[in-house]
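As structure tokens, the structure follows; a few thoughts come after it.
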Amino acid sequence: MTATTPLRHGVDEQYLELIGAGDEWGATDLVLTLWENGADPEQLLLGLIAPAQVRVGELWAANEWSVAREHGATATSERAIAALVARAAPRPTLGRITVACTDGEWHALPPRLLGEVLRLRGWRVDFLGANVPGPHLVTHLHQTGPDVVALSCALPTRLPRAHATLTACQAVGVPVLAGGRGFGADGRHARLLGADGWAATATDAADILDSGWNPPARAPHDDLAHLADEEYTQLVRQRHGIISGVLDRLRDAYPPMRAYDARQADATAEDVTHIVDFLAAALYVDDATVFTDFLTWTAAVLAARGVPASALTVCLDLLSTDLRDFPRAGELLKSGLAELATGISPGQDITRPER
């Protein structure tokens, strides 16, 4: 990142208000005016727009903004990003980098910001957006021959697919720089899955690439010894039946659910699905925090919507019964129940977890 001039006080609140209102013209005018008055474009992307988007997620989690308003704000930011980079980005003089979300990953704005930062620094960038199937990504690599793939994974539930994508890229000789919260705050899941490198932030990723990063070719790493117990495989294979079974019994085990309307019932089904998927992800990387962090976050989000943590504990109890022949999953469920037993303190952080 180049030298920057501090943004004037209050501009962050002003930008958040504009995107919260879906004011594309206002948000774009604000960003372009700041740039024309000397603000560094990378600073605007990562010091103004990115933090505003984090705040948008927090407001949704706190039940202060609806999903529609959250999505509208993101679309507004994307418009402002496009306008800024169209004005400020130089013609590419460096190598070519493919930036993509892993298969099944829909959180495209963070890698979009990385791609735009790289453009500003002179790289030629192919931004492939959200949910890129591994075979299609490999076809793109054959067609374009990039120097590096920058692979984003925001949710740990996408890690098995990210692993497949990593190995596919390495099999055709293209190194992978991993990023995104799904790979862990310290990159531990990126290392476990054999990524060639990991960056905590867009700035770190751009700095790594600017430094001439050229990792030695490595064989795909597809051997995770802890998966030999086949608990992950069996859980994924039985996923639909497990979710249906829990939902069928939840009305009796958690009586308040009997009064749920259709919207609440759909939300509960979605929550149960996420619980099973995060449990599977924790099994895949053999990391209990993947599951417990998700439960803690979910408990706080539900509390903001008037649903007590006991609704989660009932669900975990039902899963424990169903998965009594899965020792590792059983230990994860015990860890989750213990985490929930600590309670959710007033004012607890309900920003998005490592997901």
Side-chain angles (χ1 to χ4, degrees), residues 1-20 22-24 26-35 39-62 65 69-89 97 99-101 105-121 123 125 127 129-130 150-155 177-183 185 187 198-210 349-355:
M1 195 171 180
T2 57
T4 59
T5 301
L7 299 176
R8 61 177 168 78
H9 178 71
V11 73
D12 48 353
E13 290 89 350
Q14 184 182 358
Y15 182 76
L16 180 64
E17 183 176 345
L18 289 167
I19 62 174
D23 187 347
E24 294 184 352
T28 300
D29 282 347
L30 175 61
V31 169
L32 292 180
T33 299
L34 290 167
W35 172 64
D40 179 72
E42 189 170 324
Q43 179 189 20
L44 293 172
L45 292 177
L46 303 181
L48 176 66
I49 297 175
Q53 289 300 134
V54 171
R55 183 62 184 144
V56 167
E58 293 171 349
L59 290 166
W60 169 83
W65 281 20
R69 191 176 184 187
E70 180 192 24
H71 288 186
T74 300
T76 303
S77 280
E78 289 178 340
R79 179 73 174 266
I81 292 167
L84 174 65
V85 176
R87 297 277 191 91
I97 296 174
V99 179
C101 292
E105 178 59 70
W106 292 95
H107 294 80
L109 189 60
R112 167 81 186 276
L113 287 169
L114 168 62
E116 302 305 353
V117 166
L118 293 173
R119 282 189 226 277
L120 290 169
R121 294 192 181 194
W123 292 90
V125 176
F127 175 64
L151 184 67
S152 178
C153 178
L155 299 181
L177 181 63
R181 291 183 171 187
F183 286 112
W198 170 78
T201 66
T203 300
D204 289 348
D207 288 346
I208 288 171
L209 294 168
D210 282 351
D349 178 22
I350 52 175
T351 56
R352 292 184 188 278
E354 304 302 317
R355 52 176 304 202

> Looking at CD of E70 and CD of Q53, how far apart are the two atoms once the value is rounded to the nearest 0.5 Å?
Replying inline: 8.5 Å
>> I'd like to check the side-chain hydrogen bond (donor to acceptor under 3.5 Å, both in side chains) partners of T28; sequence neighbours left out, ordered by chain and number.
In response: none
> How long is the span from the CZ atom in R8 to the CD atom in Q14, to the nearest 0.5 Å?
Replying inline: 5.0 Å
> Looking only at heavy atoms, which two atoms of L209 and L118 are closest? And how far apart?
Replying inline: CD1-CD2, 3.8 Å
> Got a second to check how far L44's CG is from L120's CG, nearest 0.5 Å?
Replying inline: 9.5 Å
>> For W123 and D210, which I'm curious about, is there any donor-acceptor pair between the side chains at under 3.5 Å?
In response: yes
>> I want to check something: taking the side chain as every heavy atom from C-beta on, are Q43 and L34 in contact at a cut-off of under 4.5 Å?
In response: no
> Looking at residues at least two apart in the chain, or sitting in another chain, which of them share a salt bridge (Lys or Arg N to Asp or Glu O under 4.0 Å) with R69?
Replying inline: none
> Sequence neighbours excluded, which residues qualify as salt bridge (Lys or Arg N to Asp or Glu O under 4.0 Å) partners of E78?
Replying inline: none
> Is the closest side-chain heavy-atom distance between I81 and L109 below 4.5 Å?
Replying inline: yes
>> Show the nearest heavy-atom pair for residues A206 and V117, with the distance to one decimal.
In response: CB-CG1, 3.9 Å
>> Return the CZ to OG1 distance between R79 and T74, rounded to the nearest 0.5 Å.
In response: 15.5 Å
> Can you name the closest pair of heavy atoms from L48 and D12 and give their distance?
Replying inline: CD1-CA, 3.8 Å
>> Just verifying a value: how many Å separate I49 CD1 and E116 CD, rounded to the nearest 0.5 Å?
In response: 10.0 Å
> Judged by atom type as modelled, is there a donor-acceptor pair below 3.5 Å linking the side chain of E105 to the main-chain atoms of L155?
Replying inline: yes
> Can you name the nearest heavy-atom pair linking L16 to A52, along with the distance?
Replying inline: CD1-O, 3.9 Å
> So among V31, D23, T76, D29, which one has a side-chain contact (heavy atoms from CB on, under 4.5 Å) with L18?
Replying inline: D23
> Quick one: does W60's side chain get under 4.5 Å of V56's, heavy atoms only?
Replying inline: no
>> I need the minimum non-hydrogen distance between L84 and P41, along with the two atoms involved.
In response: CD2-O, 3.8 Å
> Any side-chain heavy atom of F127 within less than 4.5 Å of one from P111?
Replying inline: yes
> Between D207 and R121, does a salt bridge (charged side-chain N to carboxylate O under 4.0 Å, His left out) hold up when you go through it step by step?
Replying inline: CA-CA 10 Å; D207 288 346; R121 294 192 181 194; 2.7 Å; yes
> What's the shortest heavy-atom distance between A39 and W35, and which atoms?
Replying inline: O-CD1, 3.5 Å
